[in-house]
Visitor: 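This is the structure I want to talk about, given as structure tokens.
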Amino acid sequence: MYIYPDNLTAKAMLWLWTLRDIGIIGVGLLISVFALAQLQFFLPIVLIALYAFLTIRFEDTSILDFIKNAAAFFIGRQQTYEWRANA
């Protein structure tokens, strides 16, 4: 019996984010607060807030994953189509 979900194959989660995203948000927030306090520069805190919103996970997917997959489908990969007559 495993207490951890999916027999230790699932990503570790904390609230609505993975631990990797929590680390990125935390470090980015520290840098953003420093930039805001010392330089009166708002852009880093806006970018971190946007990243935090885009990486919220519901049922093992996030908005950022969807945007990445859509960009790969429409821009990054060549689309090939095959037509065959029914024989």
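Values reported hereafter were calculated over all heavy atoms of this structure, with side chains retained and with hydrogens, waters and symmetry mates removed.
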Visitor: side-chain contact (heavy atoms from CB on, under 4.5 Å) with I75: which residues, sequence neighbours excluded?
Guide: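 None.
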
Visitor: Which distance, rounded to the nearest 0.5 Å, do you find between the CG of L64 and the CG of N69?
Guide: 9.5 Å

Visitor: Would one find more than 12 heavy atoms of other residues, nucleotides or ligands at under 6.0 Å from atom OH of Y51?
Guide: yes

Visitor: Go through the structure and list residues passing salt bridge (Lys or Arg N to Asp or Glu O under 4.0 Å) with R77, not counting sequence neighbours.
Guide: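 In terms of salt bridge (Lys or Arg N to Asp or Glu O under 4.0 Å), with neighbours along the sequence ignored, R77 is linked to no residue.
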
Visitor: Hydrophobic cluster membership, with links at side-chain heavy-atom distances under 4.5 Å among I/L/V/M/F/W/Y: are L50 and L29 in one?
Guide: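 Hydrophobic grouping puts L50 with L29.
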
Visitor: Kindly indicate, with the supporting measurements, whether the criterion side chain to side chain contact (heavy atoms under 4.5 Å, CB included) is fulfilled by I24 and T55.
Guide: CA-CA 11 Å; I24 292 171; T55 55; over 6 Å; no

Visitor: When hydrophobic residues are tied together by side-chain contacts of less than 4.5 Å, even through go-betweens, does F58 share a cluster with I22?
Guide: yes

Visitor: When hydrophobic residues are tied together by side-chain contacts of less than 4.5 Å, even through go-betweens, does I63 share a cluster with F74?
Guide: no

Visitor: What heavy-atom pair brings P44 and A35 nearest, and what distance separates the two atoms?
Guide: CG-CB, 4.1 Å

Visitor: Please answer: with hydrophobic residues joined when any side-chain heavy atoms are less than 4.5 Å apart, are W17 and F66 in the same cluster?
Guide: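 Per the 4.5 Å side-chain linkage, W17 and F66 are not co-clustered.
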
Visitor: List the atom of S62, the atom of I56, and the distance in Å for their closest heavy-atom pair.
Guide: CB-O, 3.3 Å

Visitor: Distance from I45 atom CD1 to F34 atom CZ, nearest 0.5 Å?
Guide: 14.0 Å

Visitor: Can you tell me which residue pairs pass the salt bridge (Lys or Arg N to Asp or Glu O under 4.0 Å) test with a partner in residues 44-58, sequence neighbours excluded?
Guide: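 Of all non-adjacent pairs touching residues 44-58, those that pass salt bridge (Lys or Arg N to Asp or Glu O under 4.0 Å) are R57-D65.
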
Visitor: Would you say L14 and I48 are hydrophobically clustered, going by side-chain heavy atoms of ILVMFWY under 4.5 Å?
Guide: yes

